[in-house]
> 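Got a structure for you, written out below as structure tokens; questions coming shortly.
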Amino acid sequence: MKSKKCVAMLLAGGQGSRLGVLTSKIAKPAVPYGGKYRIIDFPLSNCTNSGIDTVGILTQYKPLELNDYVASGKPWDLNRTDGGVHILPPYHSQQGGNWYKGTANAIYQNLEFLERYNPEYVLILSGDHIYKMDYSDMLAQHIEDGADCTIAVLDVSLEEASRFGIMNARDDGTIYEFEEKPKQPKSTLASMGIYIFTWEKLRYYLTEDEKNPDSSNDFGKNIIPMMLGDNQLLKVYRFNDYWKDVGTVDSLWEANLDLLNPNINLNLADKNWKIYSKNTGMPPQYISGEAVVENSLITDGCEIYGKVDYSVLFKNVTVEEGASVEYSLVMPGAVIKKGAKVKYAIIAENSIIEEGAVIGMEPKATGDENWGITVIGDNLTVGKNATVGANKMITENVEEGVNI
Amino acid sequence: MRTSAVAGLIFANSDDKLKKLTANRSMASVPFGARYRIVDFALSNLVNTGVTSVGIITKENYRSLMDHVGNGISWDLDRKNGGVYFIPPYYKRGVKRLIGTVASIVGATDYIERCGADYIVLYDSHIIANIDLSSALKAHKTKGADITVIYHNGKLPEKSSEKMILSLDGDNRVKGIAFSEESQETCFGIGVSIINKDLLLKLATEADEDGLTSFAREVLAQKTEELKIFGFEHSEYVAVMDNTATYFEASMALLDKKVRSQLFNKKRPIFTKVRDGMPTRYGVKASVKNCLVGDDCIIEGTVINSILSRGVKVAKGAVVENCILMQETKIGENATVCNVIADKNASVDDSVVLKGTSERYCFIDKNQIL
């Protein structure tokens, strides 16, 4: 087999527990985003657009939906004879087997996979972020620097810096220190969880790390500090475009509504950098004579008879007469029945909001710190005239007329 | 490997009746319904019946059809066994040019013999319908039919082209076949039929040797006693693209909820070439009423009673009414277009006013800038 220059390993096993009911049945990378995408479409499309044709996807938590979605990799042109997409779950060997203990251990357990392709470089990605990035540019920098590891960083504000893993680097981009969520950050270069390693170095440090029984086998906590301790050359790769971690309900909601904000630099219509997704054969959307649709993103298969404002409607959503959807995300197949009101909410896949129900609340209505986005889990029914207030996470059907 | 027992043979060589829309493309690849090409309905109906091998007979202007269908990947027809076969006209040196359906079938002999199917679905490419072909095939087998003709019981539109009119008995056996273009309530064939493979080859070869040209008129219509021809009713929506008027009418019929629910049956989805555009964006001042809209559009103006294909852009202050705007049409700021059919990639500059009437539509050519 011809060896590959760069192979990508996508860490897609995370539970994404802060998304609550939205990841109760699916892994975080499979969470719907932007009307027709799932989060994993972004790293996969970035790979294809960057000329990387071999991607290992490491799954662990609730992989069924993700496996089904990725399948042969056809939508991303990753159904290659040589290379292509590979789903890599934890497995047993004669010596036994283990779950993936940490990000580094997940890659360690798949060293055999990497050895098959014997790449010069390995790109480590996660399935948690919305961004468009040319990995080939990052790889070119890594090669030019002769670095052992290059870490993509985003310049964040000083206030935000204590929420991230921070890379302290010299002016030439050489990293001298890594601090996980520092209380008093020395720098504002936040790690984006995107690493390029020179393959030989990666193999060596993963193997070394595995020998230490006390290690959490994590790239940020263990591998990077160990490499810094050994005076390896670690460089930052500065990224200045849109990048958003969609790890919480609020950030998922925000990242979707960012698509409606003309001041935000995330253009999914760019024909030179398409974000690919699975085609499901939906008909075009229909907007009725009575409908009012403004400032929204609407996808194939939707039928709109009511009002939609400042919202993202995913495929196959129905909004009936007199219903309204504002400042909300309505995920695939959901139905908002006659006269129902949805505000500042996320309605997950295939849920039904019955006639006259009211979901979510505007922030000013309560004016308190307890306000938040309301989430209705997937495949649920909210009964007629039921009311679900702000900042609720609904995991079971709501009976008719109930006030939550 | 055993392939599907049924194969499809699409006749994408019908006369091109849609004037400017078919000036540079075949009828089969005319854009329709905000995201489709007409042939998508034939391909999807066949695929939804389990067909894995489809032959497409072409005549002329078939470049855009080949571009659209490609290797069949969008219909899951990129197969090792089966898949899509284009059957362009085959001219032998010194032999006169072949015309008619009989010659088309004879020309496809190699495909029919090799596709490995026992039944062939003959499918005219200018039909818009979502047909339950699985049930039709079941009926075909149960009745031990030689040929099953899919028909619709309804009124033929005014100015339609000649249709195959069926006389049926109580068991749906076809007792007689006539041809008429009169507007009348009747059972008429919609250009789709199921036939046993060996019989198809035998009938076509014999007809060809006898110098016949039309398979329906000169073969089937003459053999209603000799052959067991049955009808199978398609009672839901059907449109036969005979002329620009029926094209416009069928397009606008999609604004009717019932028509949409029949054409876009969730159990039998209609697939088309994947474009990977983003969902459609509606601007702050957008006003959209009674419209069918494909993805990847940006709408900032007013759009009423119209069909917008993928990638259409309607700028601020623009008004679009009773229009069919095909892929990538651009309507500039404060422009007004009314009763207009805009072909692919047309563009109307800022403040331009263009109005047709409901009897006579304005047509903007492909890539034309106004």
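What you see below is based on every heavy atom in this structure, not just the backbone, and it leaves out hydrogens, waters and symmetry mates.
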> With only heavy atoms counted, which part of B:K266 is less than 4.5 Å from chain A, the side chain, the backbone, both or neither?
side chain

> For the pair A:F239 and A:Y131, name the ring-plane relationship: parallel under 30°, tilted 30 to 60°, perpendicular over 60°.
perpendicular

> Given a strict heavy-atom distance threshold of 4.5 Å, which part of B:R260 is in contact with chain A: side chain, backbone, both, or neither?
side chain

> Is B:D76 salt-bridged to A:K74, cutoff N-O under 4.0 Å?
yes

> Which bit of B:D295 comes within less than 4.5 Å of chain A, counting heavy atoms only: side chain, backbone, both or neither?
both

> Is it true that atom CD1 of A:I264 has more than 12 heavy atoms of other residues, nucleotides or ligands lying nearer than 6.0 Å?
yes

> Going through the distances and angles, do B:V314 and B:E300 end up as a side-chain contact (heavy atoms from CB on, under 4.5 Å)?
CA-CA 6 Å; B:V314 179; B:E300 294 181 287; over 6 Å; no

> Dump the intermediate steps for side chain to side chain donor-acceptor pair (under 3.5 Å) on A:Y135 and A:N49, then the final yes or no.
CA-CA 9 Å; A:Y135 304 134; A:N49 291 336; over 6 Å; no

> Check the orientation of B:Y361 and B:F248. Use parallel for under 30°, tilted for 30 to 60°, and perpendicular for over 60°.
tilted

> Using 30° and 60° as the class limits, which term best fits the ring planes of B:F32 and B:F41: parallel, tilted or perpendicular?
perpendicular

> Out of B:D40, B:D78, B:V293, which one racks up the most heavy-atom pairs below 4.5 Å with chain A?
B:V293

> Pick one of side chain, backbone, both or neither for B:T280, based on which atoms fall under 4.5 Å of a heavy atom in chain A.
both

> Which bit of B:L263 comes within less than 4.5 Å of chain A, counting heavy atoms only: side chain, backbone, both or neither?
neither

> Between B:N130 and B:N265, does the side chain to side chain donor-acceptor pair (under 3.5 Å) criterion hold? Intermediate values first, please.
CA-CA 7 Å; B:N130 191 327; B:N265 183 323; 5.4 Å; no

> Of all of B:G294, B:S309, B:G283, which one pairs up most often with chain A through heavy atoms under 4.5 Å apart?
B:G283

> At a heavy-atom distance under 4.5 Å, which candidate from B:R275, B:R310, B:K285 has the highest pair count against chain A?
B:R275

> Kindly confirm or rule out a cation-pi arrangement of A:R38 over A:Y33, judged by NZ or CZ under 6.0 Å from the six-membered ring centre and within 45° of its axis?
no

> Please check if the number of heavy atoms outside A:K278 that lie under 6.0 Å from its NZ is greater than 12.
yes

> Checking B:I270 against chain A: side chain, backbone, both or neither under 4.5 Å from a heavy atom?
backbone

> Identify which part of B:L308 has an atom lying under 4.5 Å from any heavy atom of chain A, answering side chain, backbone, both or neither.
neither

> Taking A:K274, A:K271, A:E290, A:K36 one by one, which has the highest count of heavy-atom pairs under 4.5 Å against chain B?
A:K36

> What are the two closest non-hydrogen atoms of A:L297 and B:R281, and how far apart are they?
CD1-CG, 2.8 Å

> Suppose a student defines contact as a heavy atom less than 4.5 Å from any heavy atom of chain B. Which residues in residues 301-333 of chain A would they list?
A:E303, A:Y305, A:N316

> Among A:S45, A:G34, A:P283, A:G35, which has the most heavy-atom pairs under 4.5 Å with chain B?
A:P283

> Do you know which of B:P269, B:A286, B:A34, B:C291 has the most heavy-atom pairs under 4.5 Å to chain A?
B:C291

> Is it the case that the ring center of B:F264 lies less than 6.0 angstrom away from the ring center of A:Y286?
no

> Under 4.5 Å, counting heavy-atom pairs only, tell me which of A:T299, A:L268, A:I287 racks up the most with chain B.
A:I287

> If you count heavy-atom pairs under 4.5 Å with chain A, which of B:N305, B:L254, B:L255, B:D296 comes out on top?
B:L255

> Decide yes or no on salt bridge (charged side-chain N to carboxylate O under 4.0 Å, His left out) for A:K244 and A:D258, but give the supporting numbers first.
CA-CA 10 Å; A:K244 197 150 208 162; A:D258 277 350; 3.2 Å; yes

